Amino acid sequence: MNVAAVRVARSNFMRGLRGYLVAGLLIWVPVGVTVLTFRFLLELMDNVLRLLPASWQPEALFGFYVPGFSVIITVAVLLITGMLVRNLVGSTLVRWWERVLNRVPIVRSVYSGVKGFTETLVSGGGGSFRKVVAVEYPRKEMWSVGFVTASDIPEVSAVAGGTQVCVYVPTTPNPTSGFIVMVS
């Protein structure tokens with residue numbers, strides 16, 4: 001075997017190993033991050049229960065440790081908060097609180113960004129970021145992955161002469177920045 005053939009074989013072997021390594025990472029990294037995130041949240045919720053008076057803590061009420069009890073408490077708090085916020089008094093308080101937060105420079109940026117992101121992901125009414133598409137961008141025969149953020153925008157469709165959709169094309173390495181393109 002000559003030297004060139006050995007180099008090609010070694011290169012193919014290393015490329016194969018790298019491919020297997022990447023494939024393994026693509027499986028285990030999301031699983032690991034998900035497990036760590038849920039573990040962190042459960043521990044955080046359990047630690048919040050420690051703020052309750054000793055007689056109200058689950059161990060005192062039931063006589064034994066109840067794993068995950070904080071999840072039940074969290075769901076109950078979220079439901080009660082949602083019920084309070086959806087009435088007139090609660091919505092007035094929320095609007096007042098948001099006006100206060102919008103007057104603080106750094107807090108305003110963080111709060112409005114997180115609120116917008118959360119509303120986009122959680123709201124069931126909107127179709128934003130629910131559909132992944134490939135668009136010919138930034139030039140012909142070059143394709144980019146994007147997310148449909150709005151469909152059939154009458155103003156744009158009238159000017160363009162056909163049905164247009166709004167597509168968000170994220171950039172790397174920071175996918176929170178990107179481009180909005182209108183495509184047929």
Side-chain angles (χ1 to χ4, degrees), residues 7-52 56-83 85-86 94 101 106-138 141-151 165-181 183:
R7 286 185 181 154
V8 168
R10 186 175 4 164
S11 174
N12 287 341
F13 176 74
M14 292 305 288
R15 193 176 302 125
L17 281 179
R18 191 175 331 141
Y20 291 142
L21 180 65
V22 169
L25 284 172
L26 288 174
I27 294 298
W28 285 108
V29 167
V31 168
V33 169
T34 303
V35 167
L36 289 175
T37 300
F38 276 102
R39 182 176 172 203
F40 169 77
L41 290 173
L42 287 174
E43 287 175 359
L44 180 69
M45 289 184 270
D46 280 340
N47 288 334
V48 168
L49 284 179
R50 292 194 179 121
L51 297 174
L52 293 172
W56 290 15
Q57 292 185 8
E59 291 86 2
L61 293 174
F62 302 118
F64 56 92
Y65 174 71
V66 181
F69 186 73
S70 58
V71 173
I72 296 168
I73 297 297
T74 302
V75 169
V77 167
L78 290 175
L79 285 172
I80 292 168
T81 304
M83 285 183 222
V85 168
R86 294 200 58 175
V94 169
L101 290 178
I106 295 173
V107 173
R108 172 182 48 225
S109 305
V110 174
Y111 180 77
S112 63
V114 171
K115 182 178 182 202
F117 182 74
T118 305
E119 285 175 346
T120 300
L121 291 181
V122 175
S123 69
S128 293
F129 298 97
R130 301 244 188 258
K131 186 174 183 186
V132 178
V133 294
V135 294
E136 223 169 350
Y137 178 82
E141 297 183 19
M142 182 177 273
W143 294 86
S144 297
V145 175
F147 302 95
V148 175
T149 59
S151 299
V165 293
C166 183
V167 177
Y168 173 74
V169 179
T171 57
T172 56
N174 182 9
T176 58
S177 66
F179 302 96
I180 297 290
V181 294
V183 294

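Only a predicted model underlies this, so the values are computations on that prediction, with no experimental measurement involved. Note that the numbering runs from 1 along the sequence shown for the chain. Just so you know, these numbers use all the heavy atoms, side chains as well, and skip hydrogens, waters and symmetry mates.
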> List the atom of L61, the atom of W56, and the distance in Å for their closest heavy-atom pair.
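Heavy atoms only, the tightest pair is CD1-O, 3.4 Å.
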> Tell me, please, which residues at least two apart from Y65 pass side chain to side chain contact (heavy atoms under 4.5 Å, CB included).
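Side chain to side chain contact (heavy atoms under 4.5 Å, CB included) list for Y65, sorted by chain: D46, E59, P67.
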> Compare every heavy atom of I180 with every heavy atom of C166, then report the nearest pair and how far apart it is.
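In terms of heavy atoms, the two residues are closest at SG-CG2, 3.2 Å.
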> Check whether any side-chain heavy atom of E136 sits under 4.5 Å from a side-chain heavy atom of W143, and report yes or no.
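Counting from C-beta outward, E136 and W143 do come under 4.5 Å.
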> Any chance you could measure T81, atom OG1, to R86, atom CZ, to the nearest 0.5 Å?
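Going from OG1 on T81 over to CZ on R86, the span is 13.5 Å.
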> Would the number of heavy atoms belonging to other residues, nucleotides or ligands and lying under 6.0 Å from CG of L51 be above 12?
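Enclosed.
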> Restricting to pairs with a member in residues 9-32, which pass salt bridge (Lys or Arg N to Asp or Glu O under 4.0 Å), not counting sequence neighbours?
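For residues 9-32, and leaving out neighbouring residues, there are no salt bridge (Lys or Arg N to Asp or Glu O under 4.0 Å) pairs at all.
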> For T149 and V167, which heavy atoms make the closest approach, and how far apart are they?
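Here T149 and V167 meet closest at OG1-N, 4.4 Å.
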> Could you pull out the closest heavy-atom pair between L52 and Q57, with the gap in Å?
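Minimum heavy-atom separation between L52 and Q57: O-NE2, 3.1 Å.
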> May I have the step-by-step check of side chain to side chain contact (heavy atoms under 4.5 Å, CB included) for V132 and F147, ending in yes or no?
CA-CA 5 Å; V132 178; F147 302 95; 3.7 Å; yes
> Any idea which heavy atoms bring V169 and S144 closest together, and the distance?
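Residues V169 and S144, closest heavy atoms: CG1-CB, 3.8 Å.
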> Relative to the ring of F69, is the ring of F62 parallel (under 30°), tilted (30 to 60°) or perpendicular (over 60°)?
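Because their plane-to-plane angle is over 60°, the rings of F62 and F69 count as perpendicular.
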